[in-house]
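Beneath this line is the structure, given in C-alpha coordinates, with notes to follow.
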Amino acid sequence: AQGSGPLGGGARARLHVLGRGGLPSVGVGAVAVNLTGVDASADTYLTVWPAGSSRPTASNLNVAHSATVANMVIVPIGADGDIELYNDAGALDVVVDVLGWLPGDGAFRGLTPKRLFDSRNAPTTDGTHRNGGPLGPGATTAILVAGRGGVPAAGVSSVAINVTAVGATSDSYLTVWPGATTKPLASNVNVTIGRAVANMVVVPLGADGTVQIYNDGGQVDVVVDVLGWFAPSSGFTPLSAARLMDTRDSTTIDGLFRHDGPLAGDHSTTLRVVGRGLVPATGVGAVVLNVTATSSTQASYVTVWPTGRPQPTASNLNFAREQTAPNMVIVPIGSDGTITMYNAVGSVELIVDILGWFPTV
(Lines give C-alpha, C1' and ligand atoms only; values in the text may rest on other atoms or scores of the structure.)
Protein backbone atom coordinates (compact mmCIF):
# COMPACT_ATOMS: atom_id res chain seq x y z
CA ALA A 1 0.00 0.00 0.00
CA GLN A 2 1.83 3.11 -1.22
CA GLY A 3 1.17 6.48 -2.77
CA SER A 4 -2.34 6.82 -1.33
CA GLY A 5 -1.62 10.27 0.12
CA PRO A 6 -1.77 11.62 3.70
CA LEU A 7 -4.27 10.28 6.21
CA GLY A 8 -6.67 13.06 7.18
CA GLY A 9 -8.08 13.95 10.56
CA GLY A 10 -10.64 11.41 11.75
CA ALA A 11 -9.76 9.12 8.84
CA ARG A 12 -8.96 5.40 8.84
CA ALA A 13 -6.76 3.27 6.62
CA ARG A 14 -6.91 -0.51 6.25
CA LEU A 15 -3.66 -2.38 5.60
CA HIS A 16 -3.29 -6.01 4.51
CA VAL A 17 -0.27 -7.60 6.20
CA LEU A 18 -0.52 -11.39 5.73
CA GLY A 19 1.68 -12.81 2.98
CA ARG A 20 3.67 -9.58 2.64
CA GLY A 21 7.17 -8.54 3.71
CA GLY A 22 8.18 -12.06 4.72
CA LEU A 23 5.02 -12.75 6.74
CA PRO A 24 3.34 -16.15 6.19
CA SER A 25 -0.18 -16.27 4.80
CA VAL A 26 -1.42 -18.45 7.68
CA GLY A 27 -0.58 -19.13 11.32
CA VAL A 28 0.09 -15.50 12.28
CA GLY A 29 -1.54 -14.20 15.45
CA ALA A 30 0.06 -10.76 15.71
CA VAL A 31 2.61 -8.63 13.88
CA ALA A 32 5.36 -6.37 15.15
CA VAL A 33 5.48 -3.22 13.03
CA ASN A 34 7.30 0.09 13.22
CA LEU A 35 4.78 2.89 12.74
CA THR A 36 6.04 6.29 11.57
CA GLY A 37 4.07 9.53 11.25
CA VAL A 38 5.60 12.06 8.85
CA ASP A 39 5.01 15.83 8.43
CA ALA A 40 1.89 16.12 10.55
CA SER A 41 -0.12 19.28 9.84
CA ALA A 42 -1.32 19.35 13.48
CA ASP A 43 -0.59 17.71 16.81
CA THR A 44 -2.26 14.30 16.61
CA TYR A 45 -2.10 10.62 17.49
CA LEU A 46 -2.42 7.32 15.63
CA THR A 47 -4.22 4.21 16.85
CA VAL A 48 -3.66 0.70 15.42
CA TRP A 49 -5.93 -2.30 15.98
CA PRO A 50 -7.06 -5.58 14.34
CA ALA A 51 -9.41 -4.97 11.42
CA GLY A 52 -13.00 -5.98 12.03
CA SER A 53 -13.06 -4.94 15.69
CA SER A 54 -14.07 -1.63 17.25
CA ARG A 55 -11.51 1.18 17.42
CA PRO A 56 -10.08 1.27 20.94
CA THR A 57 -9.77 4.34 23.17
CA ALA A 58 -5.98 4.17 23.10
CA SER A 59 -3.08 5.64 21.18
CA ASN A 60 0.05 4.01 19.75
CA LEU A 61 1.91 7.02 18.35
CA ASN A 62 1.81 10.69 19.35
CA VAL A 63 2.96 13.12 16.65
CA ALA A 64 3.68 16.83 17.06
CA HIS A 65 3.02 19.36 14.29
CA SER A 66 5.60 19.07 11.45
CA ALA A 67 7.39 16.22 13.24
CA THR A 68 8.46 12.78 12.08
CA VAL A 69 7.99 10.26 14.91
CA ALA A 70 8.17 6.45 15.10
CA ASN A 71 6.93 3.87 17.59
CA MET A 72 6.89 0.10 17.52
CA VAL A 73 3.53 -1.67 17.81
CA ILE A 74 2.55 -5.31 18.37
CA VAL A 75 -0.97 -5.72 17.02
CA PRO A 76 -3.18 -8.78 16.44
CA ILE A 77 -4.38 -9.22 12.88
CA GLY A 78 -8.02 -9.34 11.85
CA ALA A 79 -9.62 -12.48 10.45
CA ASP A 80 -9.02 -11.17 6.92
CA GLY A 81 -5.30 -10.54 7.56
CA ASP A 82 -5.72 -6.76 7.93
CA ILE A 83 -4.98 -4.12 10.53
CA GLU A 84 -6.56 -0.66 10.74
CA LEU A 85 -5.01 2.74 11.45
CA TYR A 86 -6.74 5.91 12.64
CA ASN A 87 -5.44 9.51 12.62
CA ASP A 88 -7.08 11.87 15.08
CA ALA A 89 -6.38 15.37 13.67
CA GLY A 90 -4.84 17.25 10.76
CA ALA A 91 -3.19 15.21 8.04
CA LEU A 92 0.02 13.20 7.96
CA ASP A 93 1.81 10.59 5.91
CA VAL A 94 2.09 7.16 7.53
CA VAL A 95 4.86 4.58 7.02
CA VAL A 96 4.56 0.98 8.28
CA ASP A 97 7.60 -1.34 8.39
CA VAL A 98 7.18 -4.97 9.44
CA LEU A 99 9.70 -6.26 12.02
CA GLY A 100 8.37 -9.76 12.69
CA TRP A 101 5.38 -11.85 13.66
CA LEU A 102 4.10 -13.97 16.52
CA PRO A 103 2.20 -17.23 15.97
CA GLY A 104 -1.45 -17.64 16.82
CA ASP A 105 -0.76 -20.56 19.16
CA GLY A 106 -1.55 -18.74 22.39
CA ALA A 107 2.08 -18.25 23.47
CA PHE A 108 1.58 -14.52 22.87
CA ARG A 109 -1.90 -13.09 23.22
CA GLY A 110 -2.31 -9.82 21.40
CA LEU A 111 -5.10 -7.62 22.71
CA THR A 112 -7.10 -4.78 21.28
CA PRO A 113 -5.40 -1.99 23.30
CA LYS A 114 -6.97 -1.23 26.68
CA ARG A 115 -6.10 1.72 28.93
CA LEU A 116 -4.76 0.53 32.28
CA PHE A 117 -3.51 3.81 33.76
CA ASP A 118 -4.06 7.52 33.19
CA SER A 119 -2.83 10.03 35.73
CA ARG A 120 -5.16 12.63 34.19
CA ASN A 121 -8.91 12.88 34.76
CA ALA A 122 -9.63 10.39 31.96
CA PRO A 123 -11.23 6.93 31.82
CA THR A 124 -9.42 3.60 32.11
CA THR A 125 -10.69 0.16 31.15
CA ASP A 126 -12.12 -0.52 34.62
CA GLY A 127 -12.22 2.95 36.21
CA THR A 128 -9.20 2.34 38.46
CA HIS A 129 -5.67 3.78 38.25
CA ARG A 130 -6.87 7.17 37.01
CA ASN A 131 -6.86 10.84 38.03
CA GLY A 132 -3.94 10.48 40.43
CA GLY A 133 -2.21 13.58 39.12
CA PRO A 134 1.18 14.01 37.42
CA LEU A 135 4.20 12.00 38.50
CA GLY A 136 6.68 14.29 40.24
CA PRO A 137 10.49 14.36 40.13
CA GLY A 138 12.02 11.15 41.50
CA ALA A 139 8.56 9.66 42.02
CA THR A 140 7.54 6.04 41.39
CA THR A 141 4.07 4.59 40.91
CA ALA A 142 2.97 0.95 40.85
CA ILE A 143 0.32 -0.22 38.35
CA LEU A 144 -1.63 -3.45 38.70
CA VAL A 145 -1.66 -5.22 35.32
CA ALA A 146 -2.60 -8.82 36.07
CA GLY A 147 -6.33 -9.44 35.84
CA ARG A 148 -7.07 -6.20 33.95
CA GLY A 149 -7.68 -5.26 30.31
CA GLY A 150 -7.71 -8.86 29.06
CA VAL A 151 -4.52 -9.87 30.92
CA PRO A 152 -5.12 -13.01 33.03
CA ALA A 153 -4.67 -12.87 36.80
CA ALA A 154 -2.06 -15.66 36.62
CA GLY A 155 0.13 -17.43 34.06
CA VAL A 156 1.66 -14.26 32.58
CA SER A 157 5.43 -13.83 32.28
CA SER A 158 5.52 -10.36 30.71
CA VAL A 159 3.32 -7.78 29.02
CA ALA A 160 3.59 -5.48 26.02
CA ILE A 161 2.44 -1.99 26.98
CA ASN A 162 2.46 1.43 25.35
CA VAL A 163 3.65 4.13 27.74
CA THR A 164 2.90 7.78 26.92
CA ALA A 165 4.25 10.86 28.70
CA VAL A 166 2.09 13.99 28.39
CA GLY A 167 2.58 17.63 29.39
CA ALA A 168 6.03 17.33 30.95
CA THR A 169 7.25 20.45 32.74
CA SER A 170 10.90 19.60 32.02
CA ASP A 171 12.96 17.18 29.97
CA SER A 172 13.04 13.85 31.80
CA TYR A 173 12.84 10.09 31.33
CA LEU A 174 10.61 7.25 32.51
CA THR A 175 11.84 3.82 33.58
CA VAL A 176 9.51 0.79 33.66
CA TRP A 177 10.32 -2.42 35.55
CA PRO A 178 8.68 -5.35 37.38
CA GLY A 179 6.93 -4.60 40.67
CA ALA A 180 8.73 -5.33 43.96
CA THR A 181 12.19 -5.37 42.31
CA THR A 182 15.08 -2.89 42.16
CA LYS A 183 14.89 -0.07 39.62
CA PRO A 184 17.34 -0.77 36.75
CA LEU A 185 19.84 1.60 35.15
CA ALA A 186 17.80 2.09 31.96
CA SER A 187 15.19 4.33 30.39
CA ASN A 188 12.08 3.42 28.40
CA VAL A 189 10.55 6.79 27.49
CA ASN A 190 12.58 9.97 27.04
CA VAL A 191 10.40 12.97 27.76
CA THR A 192 10.59 16.38 26.08
CA ILE A 193 9.08 19.40 27.80
CA GLY A 194 5.57 20.13 26.56
CA ARG A 195 5.48 17.25 24.05
CA ALA A 196 3.49 13.99 24.15
CA VAL A 197 5.91 11.07 23.68
CA ALA A 198 4.98 7.37 23.47
CA ASN A 199 7.09 4.23 23.45
CA MET A 200 6.28 0.55 23.55
CA VAL A 201 7.71 -1.49 26.43
CA VAL A 202 7.92 -5.23 27.04
CA VAL A 203 8.31 -5.77 30.78
CA PRO A 204 8.05 -8.78 33.13
CA LEU A 205 5.31 -8.65 35.76
CA GLY A 206 6.33 -8.58 39.39
CA ALA A 207 5.23 -11.39 41.69
CA ASP A 208 2.36 -9.13 42.76
CA GLY A 209 1.18 -8.65 39.15
CA THR A 210 2.39 -5.05 38.95
CA VAL A 211 4.87 -2.93 37.03
CA GLN A 212 6.49 0.22 38.36
CA ILE A 213 7.13 3.52 36.57
CA TYR A 214 9.70 6.11 37.68
CA ASN A 215 9.92 9.74 36.53
CA ASP A 216 13.32 11.38 36.79
CA GLY A 217 12.52 15.11 36.70
CA GLY A 218 9.74 17.69 36.60
CA GLN A 219 6.04 16.84 36.53
CA VAL A 220 4.54 14.58 33.86
CA ASP A 221 1.22 12.83 33.24
CA VAL A 222 1.56 9.16 32.31
CA VAL A 223 -0.77 6.98 30.24
CA VAL A 224 -0.42 3.18 29.92
CA ASP A 225 -2.21 0.98 27.36
CA VAL A 226 -1.82 -2.80 27.33
CA LEU A 227 -1.19 -4.40 23.91
CA GLY A 228 -0.75 -8.07 24.83
CA TRP A 229 0.90 -10.63 27.09
CA PHE A 230 3.38 -13.51 26.92
CA ALA A 231 2.78 -16.90 28.53
CA PRO A 232 5.70 -18.58 30.33
CA SER A 233 5.67 -21.18 27.50
CA SER A 234 6.08 -18.54 24.78
CA GLY A 235 9.84 -19.00 24.46
CA PHE A 236 10.33 -15.29 25.05
CA THR A 237 12.57 -14.48 28.01
CA PRO A 238 11.82 -11.03 29.45
CA LEU A 239 14.59 -9.24 31.32
CA SER A 240 14.68 -6.34 33.71
CA ALA A 241 16.18 -3.66 31.47
CA ALA A 242 19.98 -3.37 31.37
CA ARG A 243 22.16 -0.88 29.49
CA LEU A 244 24.29 -2.46 26.75
CA MET A 245 25.56 0.70 25.03
CA ASP A 246 25.94 4.40 25.73
CA THR A 247 28.13 6.45 23.41
CA ARG A 248 28.24 9.21 26.04
CA ASP A 249 30.49 9.08 29.10
CA SER A 250 28.03 6.91 31.02
CA THR A 251 27.76 3.47 32.57
CA THR A 252 26.80 0.17 30.89
CA ILE A 253 26.03 -3.20 32.49
CA ASP A 254 29.61 -4.43 32.03
CA GLY A 255 31.59 -1.29 31.22
CA LEU A 256 31.77 -2.12 27.49
CA PHE A 257 30.42 -0.08 24.55
CA ARG A 258 30.51 3.22 26.40
CA HIS A 259 32.11 6.62 25.82
CA ASP A 260 32.80 5.91 22.13
CA GLY A 261 31.45 9.28 21.01
CA PRO A 262 28.52 10.11 18.71
CA LEU A 263 27.81 8.12 15.55
CA ALA A 264 28.54 10.23 12.47
CA GLY A 265 26.21 10.61 9.51
CA ASP A 266 26.25 7.84 6.87
CA HIS A 267 28.14 5.62 9.31
CA SER A 268 27.38 2.34 11.05
CA THR A 269 28.44 0.75 14.32
CA THR A 270 28.14 -2.82 15.60
CA LEU A 271 27.02 -3.82 19.08
CA ARG A 272 27.54 -7.18 20.74
CA VAL A 273 24.36 -8.32 22.50
CA VAL A 274 24.79 -12.04 23.31
CA GLY A 275 26.55 -12.94 26.55
CA ARG A 276 25.68 -9.56 28.09
CA GLY A 277 22.92 -8.29 30.38
CA LEU A 278 21.69 -11.87 31.13
CA VAL A 279 21.37 -12.67 27.41
CA PRO A 280 22.89 -16.16 26.84
CA ALA A 281 25.98 -16.55 24.69
CA THR A 282 24.24 -19.15 22.48
CA GLY A 283 20.74 -20.10 21.37
CA VAL A 284 19.50 -16.53 20.87
CA GLY A 285 17.60 -15.76 17.66
CA ALA A 286 16.41 -12.20 18.26
CA VAL A 287 16.51 -9.54 20.95
CA VAL A 288 14.13 -6.87 22.17
CA LEU A 289 15.87 -3.53 22.68
CA ASN A 290 15.07 0.03 23.62
CA VAL A 291 17.14 2.32 21.37
CA THR A 292 17.42 6.02 22.23
CA ALA A 293 18.92 8.81 20.13
CA THR A 294 20.03 12.02 21.85
CA SER A 295 22.08 15.18 21.16
CA SER A 296 21.59 14.89 17.40
CA THR A 297 23.09 17.66 15.28
CA GLN A 298 20.53 17.23 12.48
CA ALA A 299 17.15 15.62 11.90
CA SER A 300 17.95 12.02 10.96
CA TYR A 301 17.00 8.37 11.39
CA VAL A 302 18.61 5.19 12.70
CA THR A 303 18.22 1.73 11.16
CA VAL A 304 18.94 -1.45 13.16
CA TRP A 305 19.52 -4.88 11.60
CA PRO A 306 21.41 -8.19 12.08
CA THR A 307 25.11 -7.86 11.32
CA GLY A 308 26.14 -9.61 8.12
CA ARG A 309 22.88 -9.02 6.29
CA PRO A 310 22.13 -6.21 3.79
CA GLN A 311 21.00 -2.93 5.31
CA PRO A 312 17.19 -2.70 5.01
CA THR A 313 15.34 0.20 3.42
CA ALA A 314 13.53 0.98 6.67
CA SER A 315 14.02 3.09 9.75
CA ASN A 316 13.54 2.18 13.41
CA LEU A 317 14.04 5.58 15.01
CA ASN A 318 13.27 9.06 13.64
CA PHE A 319 14.34 12.21 15.46
CA ALA A 320 14.66 15.97 15.05
CA ARG A 321 17.75 18.07 15.71
CA GLU A 322 18.68 18.01 19.41
CA GLN A 323 15.68 15.80 20.20
CA THR A 324 15.92 12.83 22.56
CA ALA A 325 13.81 10.05 21.02
CA PRO A 326 13.37 6.38 22.07
CA ASN A 327 11.86 3.41 20.26
CA MET A 328 11.57 -0.28 20.98
CA VAL A 329 13.15 -2.61 18.42
CA ILE A 330 12.86 -6.36 17.84
CA VAL A 331 15.84 -7.47 15.76
CA PRO A 332 17.43 -10.83 14.88
CA ILE A 333 21.10 -11.11 15.78
CA GLY A 334 23.90 -11.76 13.32
CA SER A 335 25.85 -15.02 13.29
CA ASP A 336 28.57 -13.32 15.35
CA GLY A 337 26.14 -12.27 18.09
CA THR A 338 26.00 -8.61 17.07
CA ILE A 339 23.61 -6.10 15.54
CA THR A 340 24.44 -3.11 13.34
CA MET A 341 23.08 0.44 13.68
CA TYR A 342 23.25 3.12 10.98
CA ASN A 343 22.78 6.90 11.30
CA ALA A 344 21.78 8.75 8.13
CA VAL A 345 23.01 12.36 8.62
CA GLY A 346 24.61 14.59 11.22
CA SER A 347 25.89 12.95 14.39
CA VAL A 348 23.97 11.38 17.27
CA GLU A 349 24.60 9.76 20.65
CA LEU A 350 23.03 6.29 20.98
CA ILE A 351 21.81 4.45 24.08
CA VAL A 352 20.72 0.78 23.95
CA ASP A 353 18.92 -1.14 26.73
CA ILE A 354 18.11 -4.86 26.52
CA LEU A 355 14.52 -5.88 27.39
CA GLY A 356 14.47 -9.58 26.48
CA TRP A 357 15.28 -12.26 23.91
CA PHE A 358 13.72 -14.94 21.71
CA PRO A 359 15.41 -18.34 21.12
CA THR A 360 16.71 -19.53 17.79
CA VAL A 361 13.91 -21.14 15.79
Side-chain angles (χ1 to χ4, degrees), residues 37 40 42-45 58-71 115-124 129-143 145 161-179 181-201 203 210-225 240-241 243 246-251 290-297 299 317-328 348-353 355:
D43 290 355
T44 187
Y45 65 85
S59 61
N60 296 96
L61 180 68
N62 296 77
V63 187
H65 176 251
S66 299
T68 297
V69 184
N71 194 18
R115 186 140 294 174
L116 297 184
F117 180 89
D118 197 326
S119 62
R120 307 166 300 178
N121 186 16
T124 60
H129 286 294
R130 59 178 292 273
N131 200 23
L135 208 57
T140 298
T141 188
I143 302 169
V145 178
I161 57 177
N162 203 61
V163 181
T164 305
V166 183
T169 61
S170 70
D171 290 353
S172 181
Y173 66 85
L174 303 179
T175 299
V176 185
W177 74 102
T181 64
T182 303
K183 180 172 73 70
L185 173 66
S187 62
N188 296 94
V189 184
N190 293 79
V191 183
T192 301
I193 184 171
R195 177 177 290 182
V197 181
N199 197 21
M200 186 178 150
V201 179
V203 57
T210 70
V211 299
Q212 298 184 86
I213 299 182
Y214 164 85
N215 172 45
D216 188 63
Q219 304 274 337
V220 63
D221 279 306
V222 178
V223 182
V224 178
D225 300 313
S240 188
R243 185 141 296 172
D246 195 329
T247 59
R248 309 167 300 176
D249 188 12
S250 298
T251 303
N290 199 67
V291 181
T292 303
T294 190
S295 302
S296 53
T297 60
L317 188 61
N318 297 77
F319 46 90
R321 180 177 181 269
E322 297 183 349
Q323 180 189 5
T324 299
N327 200 9
M328 201 182 98
V348 64
E349 305 275 12
L350 292 178
I351 304 160
V352 180
D353 299 315
L355 303 180

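Rounded to the nearest 0.5 angstrom, H129 NE2 and T210 OG1 are separated by 8.5 Å. Here N290 contributes atom CG and N199 contributes atom CG; the two are 5.0 Å apart, rounded to the nearest 0.5 Å. Interatomic distance, L61 CG to N162 CG, rounded to the nearest 0.5 Å: 8.5 Å. Interatomic distance, D246 CG to L350 CG, rounded to the nearest 0.5 Å: 9.0 Å. Expressed to the nearest 0.5 Å, how far CG of N60 lies from CG of D225 amounts to 7.5 Å. Atom OG1 of T297 sits about 10.5 Å away from atom CD of E349, to the nearest 0.5 Å.
Closest heavy-atom contact between P178 and S240: CD-OG, 4.1 Å. Considering every non-hydrogen atom in both G136 and N215, the closest pair reads O-ND2, 3.1 Å. Among all heavy-atom pairs drawn from T169 and I193, the shortest one is O-CD1, 3.1 Å. For P326 against T292, the heavy-atom pair with the smallest separation is CB-OG1, 3.7 Å. Shortest non-hydrogen contact noted between Y214 and K183 is CG-CD, 3.6 Å. Considering every non-hydrogen atom in both A198 and T164, the closest pair reads CB-OG1, 3.5 Å.
Residues R243 and S187 form a side-chain contact, since some pair of their non-hydrogen atoms from C-beta on lies under 4.5 Å apart. Taking 4.5 Å as the limit, every side-chain heavy atom of I161 sits out of range of all side-chain heavy atoms of I143. The closest side-chain heavy-atom distance from T140 to W177 is below 4.5 Å.
Using a distance-only test at 3.5 Å, with no hydrogens or angles considered, no donor-acceptor pair links the side chain of T44 to the main chain of V63. For the pair N71 (side chain) and N62 (backbone), a donor-acceptor distance under 3.5 Å is absent. Side-chain N or O atoms of T124 include none that pairs as donor or acceptor with a backbone N or O of R130 at under 3.5 Å. Looking at T68, its side chain never comes within 3.5 Å of a backbone N or O of A320 through a donor-acceptor pair.
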Practice task
Please report the C-alpha distance between N190 and V197 in whole Å, then the side-chain angles of each, then the deciding distance to 0.1 Å, and finally whether the side chain to side chain contact (heavy atoms under 4.5 Å, CB included) criterion is met.
Solution key: CA-CA 8 Å; N190 293 79; V197 181; over 6 Å; no
Practice task
Walk me through it: do I213 and F117 pass the test side chain to side chain contact (heavy atoms under 4.5 Å, CB included)?
Solution key: CA-CA 11 Å; I213 299 182; F117 180 89; 5.6 Å; no
Practice task
For side chain to side chain contact (heavy atoms under 4.5 Å, CB included), just list the numbers for V211 and V224, CA-CA rounded to whole Å, side-chain angles, deciding distance to a tenth of an Å, and then say yes or no.
Solution key: CA-CA 11 Å; V211 299; V224 178; over 6 Å; no
Problem - Audit row: V163, N188, side chain to side chain contact (heavy atoms under 4.5 Å, CB included) steps and yes/no - result: CA-CA 8 Å; V163 181; N188 296 94; over 6 Å; no
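Residues meeting the side-chain contact (heavy atoms from CB on, under 4.5 Å) test with A168, sequence neighbours left out: V191, V220. Among residues two or more places apart in sequence or in another chain, the salt bridge (Lys or Arg N to Asp or Glu O under 4.0 Å) test is passed with D118 by R115, R120.
Under the side-chain hydrogen bond (donor to acceptor under 3.5 Å, both in side chains) criterion, the residue pairs touching residues 317-326 are T294-T324, S315-N318, with sequence neighbours excluded.
For the residue pair D221 and S119, a side-chain donor N or O sits within less than 3.5 Å of a side-chain acceptor on the partner.
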